[in-house]
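Working notes, beginning with the structure itself.
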Amino acid sequence: MKFTKQNFIFLVGGIIIYVVDIGADFWVASRYFCQGQYSWGILILCFRGLSSLITQIFSYEWFKNDWEGTDTGKTKWIFLIHLLQCGIFIRYWFALKYGCQAAFKQNSSGDASETDPPNFIQKQAVDVVTDINMLRVFKTFLETTPQLFVQIYVLMEHGKNDFCQYAAIIVSFFGISISTIDYQISLRKSLPDKDEFHVLSKLVYLFYKLFTITSWILSISLITLLSVRSSVILLMLLWISGFAWTLKQHTTFCKSKRMEYLYRTVVGIILIFTFFNIKGRKTRVCIYIYYATHIVVTLSILFVYVFWKPSIIKEMHFTIVSILTILSLSFGIMFLVVYYSYFHPTAYFRPQACSDEVDGEEGQKDRVEIGRFQNFIMQ
């Protein structure tokens, strides 16, 4: 576990991207408003607001748990900052503080104990960056992914060729995939029994997530173009299934029951778009069922178009989207098989205390001994 100069540079880049992303959201919404598409502009801002609200809630709860028993005045200030939707910037400030100390001012040995001051700073830096990456996982699937789906649907519905919009969609697909990689890197730094994430495994994981998520978002966009009601029903059924699975797994990420149910609700939304291992257990059967369902639904949507809406098939955008959907699904499944066959860690770290691993958030214990990420969603 070591926080390097390269990690610090990526951290600074992450801050810049986060600020630019905020501006991009308002830019996209303003374009919809200027074009008279008020409902889409409002929907983009609603996704932004929902994502910000939920990430602020979790961020504040984590601060409150970490600082339990300390000065209550400090907690009140943190609450005020999160109420103003600026809590993530406090986390970035701590990340810059500890990251700078760990990357530039420490020469710790990799074999040092976690209680040694140099290695303690290293662990603090890794922990605070992991918290940020967990929040980014929330943001990715609560905001970026739904916004991307809306943009693709609007593009297909109106058939306008806008280079900026195409570029934004492509960048969003890569951004979603990269956020999952960043979390995996932090996860493997944080859990001692996980192997280091090497370059080849990063690329395989990137393409696995990129292609499977791309295929699924395109499929949902196609069914929405066919019938908005059918799309809403499908998404609700998928969310109910994901939420029910988290209930069955008895996740223990949060200390309070209400926060645990909020966490399970969010994980249910994440599971609509991609698979995560909620408990750190072997889930070969679950992942087979998950992606087999994606394949069946995707092929069913294409067959429905062939027999129900043959006139749409002649349109250029449908041909392009259909080819991209099939190709991305095929490549995604191929990279998924390669990743789980050769690069996926088979042994998850299991702490002494009872904790459940989920591909995103984890139960909260003492930060020095057991990080919350050990109860978050894994892969």
Which heavy atom of [X] sits nearest to which heavy atom of [Y], and what is that distance?
X    : Y    : value
I132 : A95  : CD1-CB, 3.7 Å
T212 : K209 : OG1-O, 3.3 Å
V126 : T130 : O-OG1, 2.7 Å
G268 : W239 : C-CD1, 3.4 Å
G99  : F8   : C-CD1, 3.7 Å

Notebook entry, point to check: Please walk me through it: do V154 and Y32 pass side-chain contact (heavy atoms from CB on, under 4.5 Å)?
Noted result: CA-CA 10 Å; V154 173; Y32 284 134; 3.9 Å; yes

Tell me whether [Y] is reachable from [X] by hopping between hydrophobic residues (I, L, V, M, F, W, Y) whose side-chain heavy atoms are closer than 4.5 Å.
X    : Y    : result
I9   : I181 : no
I57  : I81  : yes
I17  : V137 : no
I326 : L324 : yes
F10  : V19  : no

Notebook entry, point to check: Within 45° of the six-membered ring axis of Y261 and under 6.0 Å from that ring's centre, is NZ or CZ of R264 located there?
Noted result: yes

Check: For Y263, is the NZ or CZ atom of K255 found under 6.0 angstrom from the centre of its six-membered ring and inside 45 degrees of the ring axis?
Finding: no

Student check: side-chain heavy atoms of [X] and [Y] closer than 4.5 Å:
X    : Y    : result
R136 : Y18  : no
T55  : I88  : no
L336 : I287 : yes
T180 : L206 : no
V266 : L142 : yes
V321 : L225 : no
F276 : I270 : yes
I213 : F141 : yes

Please identify each residue that fulfils ring pair (Phe, Tyr, Trp, His ring centres under 6.0 Å) with [X], with sequence neighbours left out.
X    : answer
Y98  : none
Y153 : W40
F79  : Y60
Y290 : F275, H294

Side chain to side chain donor-acceptor pair (under 3.5 Å) partners for [X], two or more places apart:
X    : result
S230 : S227
S322 : none
S52  : Q85
T325 : none

Next item on the list: Show the numbers, then the answer: is there a side-chain contact (heavy atoms from CB on, under 4.5 Å) between L210 and I176?
Entry: CA-CA 8 Å; L210 173 63; I176 292 169; over 6 Å; no

Checklist line | Contacts of R48 that satisfy salt bridge (Lys or Arg N to Asp or Glu O under 4.0 Å) - sequence neighbours left out | finding: D21, D25, E143

Next item on the list: Sequence neighbours left out, what passes salt bridge (Lys or Arg N to Asp or Glu O under 4.0 Å) with R229? Give chain and number order.
Entry: none

Rounded distance [0.5 Å steps], [atom1] in [X] versus [atom2] in [Y]:
X    : Y    : atom1 : atom2 : value
Q151 : I217 : CD    : CD1   : 10.5 Å
I78  : D66  : CD1   : CG    : 10.5 Å
L302 : S219 : CG    : OG    : 6.5 Å
W77  : I90  : CH2   : CD1   : 11.0 Å
I220 : I152 : CD1   : CD1   : 10.0 Å
S59  : F138 : OG    : CZ    : 11.0 Å

Checklist line | Main-chain N/O of V338 paired with S341 side-chain donor or acceptor, under 3.5 Å | finding: no

Note to self: Donor-acceptor pair, distance only, cut-off 3.5 Å: does the side chain of W245 make one with the backbone of C286?
What the structure shows: no

Next item on the list: Show the numbers, then the answer: is there a side-chain contact (heavy atoms from CB on, under 4.5 Å) between L45 and F33?
Entry: CA-CA 11 Å; L45 294 180; F33 285 129; 4.0 Å; yes

Margin query: My understanding is that only one of Y339, F173, F335, F331 makes a ring-ring contact (aromatic ring centres under 6.0 Å, His included) with F207; could you say which?
Written below: F335

Next item on the list: Begin with the C-alpha distance, continue with both residues' side-chain angles, and end with the deciding distance and a verdict on side chain to side chain donor-acceptor pair (under 3.5 Å) for T252 and E260.
Entry: CA-CA 7 Å; T252 56; E260 189 64 35; over 6 Å; no

Donor on one side chain, acceptor on other, [X] and [Y], under 3.5 Å:
X    : Y    : result
S172 : Q147 : no
T214 : S328 : no
N7   : T4   : yes

Item checked: Any pair counted as salt bridge (charged side-chain N to carboxylate O under 4.0 Å, His left out), so long as it reaches residues 144-154, sequence neighbours left out -> none

Item checked: Centroid-centroid distance, W93 to F89, less than 6.0 Å -> no

Next item on the list: Identify whether the distance between the nearest side-chain nitrogen and carboxylate oxygen of E61 and K64 falls below 4.0 Å.
Entry: yes

Margin query: Using the rule side chain to side chain contact (heavy atoms under 4.5 Å, CB included), only one of I295, V297, I301, V296 pairs with L299; which is it?
Written below: I295

Validation: residues 231-238 side-chain donor-acceptor distances under 3.5 Å, sequence neighbours left out:
from: S231; atom 1: OG; to: T224; atom 2: OG1; distance (Å): 2.7

Next item on the list: May I have the step-by-step check of side-chain contact (heavy atoms from CB on, under 4.5 Å) for V204 and Y340, ending in yes or no?
Entry: CA-CA 10 Å; V204 173; Y340 278 91; over 6 Å; no

Margin query: Is the ring pair F58/W62 parallel, tilted or perpendicular, if the boundaries are 30 and 60 degrees?
Written below: tilted

